[in-house]
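Worksheet: one structure, shown below.
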Amino acid sequence: MTAAPPNAARYTEPILGWYDEHARDLPWRAPGATPWAILVSEIMLQQTPVARVLPVWQQWMERWPTPAALAAEPSGEAVRAWGRLGYPRRALRLHACAVAITEQHGGQVPSSYDVLRALPGIGAYTAAAVASFAYRQRHAVLDTNVRRVLARLLTGVEYPPKSQTAAEVALAESLLPHDPPTAARWAVAVMELGALVCTARTPRCVDCPVLSSCAWHRAGRPAYDGPPRRGQTYAGTDRQCRGRLLAVLRHADGPVDKPALDVVWSDPVQRERALDGLIADGLVDPLDDGRYALPS
DNA sequence: TAGCCGTGGTT
DNA sequence: TAACCAAGGCT
């Protein structure tokens, strides 16, 4: 654990002030938002932009306002209502979360980081986010936005390392305000700064409240110097094939025949591999009569 | 731990 | 236009 820099307030105070003025008015940040509403938003927001999450989150909250309400329905309904958010295994895990919360935690979303972390689909980031945003606890909430802001502001590089390092966690913890409610507000504030100003591609440095303290800016905004950060084209991949197959089931009222799946992907080898993968993941249920359905 | 897991908007 | 990117988690 790194000691808090004596001038941590140099970074925290301008960003807290900026957040007060520029925070987006998102429904899961409303005063009345329940821990469940916040948990659902966090799962949906994993690798998915806010604009696409908003309408689906609204529908989920109307239909399943509590963990018990979701737990009472088949997991396939969660997959169907997930729509085109992507990574549908998240829907399955969120349903499993609802079941675990209902059966093992009295229907209340846990407030403990360790208990949250043990739930399906909840990793280090989401556990910290829920504990912080829903319960106002003091945690280092280290997502892609925060990692990028800290990399630029304090390390002086354009992008953080590909995988999270212990040094990043120590740095994030060293900046946490001591008071838990303030730490919680700081967590959401840095994240928002990364989402709106200190963006990945074309940062809006003119609008940055800590520009004068930014190591990357001071260094002349040197370009990222390292291995390619991404890869993986989408067209023709198993992922695209899985998406097509699952879309058929989402749009069907009930079980579908095999031919209904076959028509959406021409390569039979890849199609069977993808279908087997969906079944192995629990996203598709092969029925005894040879048809296929969303899981019950 | 690196690779896998969807989808669509932006540059 | 293809590549990049988006509040990650799991194995």
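Note that these values count all heavy atoms, side chains included, but never hydrogens, waters or copies made by symmetry. In what follows, chains carry the letters A, B, and so on, assigned in the order in which the sequence lines appear, proteins first and then strands, with residues in each chain numbered from 1.
Of the residues near DNA chain B, Ser163(A) and Arg84(A), the one whose nearest nucleotide (by heavy atom distance) lies more toward the 5' end is Ser163(A). For the pair Glu192(A) and Leu119(A), nearest-nucleotide mapping onto DNA chain C gives the more 5' position to Glu192(A).
Contacts of Arg148(A) with the nucleic acid, taken as non-hydrogen atoms under 4.0 Å apart, involve only primed sugar atoms and P, OP1 or OP2. Looking at heavy-atom distances under 4.0 Å, Gly86(A) makes contact with a base. Nucleic acid contact class of Ala129(A) (heavy atoms, under 4.0 Å, all strands): none. At the heavy-atom level, Leu26(A) lies under 4.0 Å from base atoms of the strands shown. Contacts of Trp28(A) with the nucleic acid, taken as non-hydrogen atoms under 4.0 Å apart, include base atoms. At a threshold of 4.0 angstrom between heavy atoms, the contacts of Ala124(A) are confined to the sugar-phosphate backbone, with no base atom among them.
To the nearest angstrom, C1' of dC5(B) lies 10 Å from CZ of Arg90(A). A straight line from CD of Gln164(A) to C1' of dA7(C) spans 13 Å, rounded to a whole angstrom. Distance, Lys162(A) NZ to dC4(C) C1': 13 Å, rounded to whole Å. Whole-Å rounding puts the His139(A) NE2 to dA7(C) C1' distance at 16 Å. Rounded to an integer number of Å, the gap from OH of Tyr87(A) to C1' of dG8(C) is 9 Å. Rounded to whole Å, the distance from CG on Leu92(A) to P on dT11(C) is 12 Å. Protein atom CG of Leu283(A) is 15 Å distant from nucleotide atom C1' of dT7(B), rounded to whole Å. Atom CG of Leu85(A) is separated from atom P of dG8(B) by 10 Å (rounded to the nearest Å).
Nearest nucleotide to the side chain of Arg117(A), out of dC10(C), dA7(C), dC5(B): dC10(C). Checked against dC10(C), dA7(C), dG6(B), the side chain of Pro88(A) finds its nearest nucleotide in dG6(B). In the set dA3(C), dG6(B), dG8(C), dG6(B) carries the atom at the smallest distance from any side-chain atom of Arg239(A). When distances are taken from the side chain of Ala195(A) to each of dA7(C), dA6(C), dG6(B), the shortest belongs to dA7(C).
Salt-bridge check for Glu73(A) with Arg80(A): failed, with every basic side-chain N at 4.0 Å or more from each acidic carboxylate O. Using a 4.0 Å cut-off between charged nitrogen and carboxylate oxygen, Arg90(A) and Glu42(A) do not count as a salt-bridge pair.
Distance noted for atom C1' between dT1(B) and dG8(C): 15 Å (whole Å). Across the P atoms, dC4(B) and dA7(C) are found 23 Å apart, a figure rounded to whole Å. Taking atom P in both dT1(C) and dG6(B), one finds a spacing of 27 Å when rounded to whole Å.
On a pure distance criterion of 3.5 Å, a polar donor-acceptor pair joins the side chain of Thr48(A) and the base of dG6(B).
Heavy atoms of other residues, nucleotides or ligands lying less than 6.0 angstrom from CD of Gln108(A) number 12 at most.
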Distances for protein N/O vs nucleotides 9-11 of chain B N/O pairs under 3.5 angstrom?
none

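Between the side chain of Arg147(A) and the main chain of Pro161(A), a donor-acceptor pair closer than 3.5 Å is present. The closest donor-acceptor contact from the side chain of Trp186(A) to the backbone of Val190(A) lies at 3.5 Å or more, if one exists at all. Remark: the backbone N or O of Tyr234(A) is paired with a side-chain donor or acceptor of Thr237(A) at under 3.5 angstrom.
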Worked verdict on Val50(A) versus Arg24(A) for side chain to side chain contact (heavy atoms under 4.5 Å, CB included): CA-CA 11 Å; Val50(A) 167; Arg24(A) 287 169 293 180; 3.8 Å; yes
Worked check of side chain to side chain contact (heavy atoms under 4.5 Å, CB included) between Tyr87(A) and Arg239(A): CA-CA 9 Å; Tyr87(A) 294 144; Arg239(A) 290 157 86 160; 2.8 Å; yes
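Phosphate proximity of dC5(C) to Tyr159(A): present, with a side-chain N or O under 4.0 Å from OP1 or OP2. Between Thr126(A) and the phosphate of dG9(C), there is a side-chain N or O to OP1/OP2 separation shorter than 4.0 Å. At dT7(B), one or more side-chain N or O atoms of Tyr234(A) fall inside 4.0 Å of OP1 or OP2 (strictly under the cut-off).
The stretch residues 34-46 of chain A touches DNA chain C through Glu42(A), Leu45(A), Gln46(A), each having a heavy atom under 4.0 angstrom from the strand.
Rounding to the nearest 0.5 Å places CH2 of Trp82(A) at 7.0 Å from OG1 of Thr48(A).
Within the 4.5 Å cutoff, the side chain of Trp64(A) has heavy atoms near those of the Glu77(A) side chain.
Ile279(A) belongs to a hydrophobic cluster whose other members, connected by ILVMFWY side-chain contacts under 4.5 Å either directly or through intermediates, are Val79(A), Leu92(A), Leu245(A), Leu246(A), Val248(A), Leu249(A), Val256(A), Leu261(A), Val263(A), Val264(A), Leu275(A), Leu278(A), Leu283(A), Val284(A), Tyr292(A), Leu294(A).
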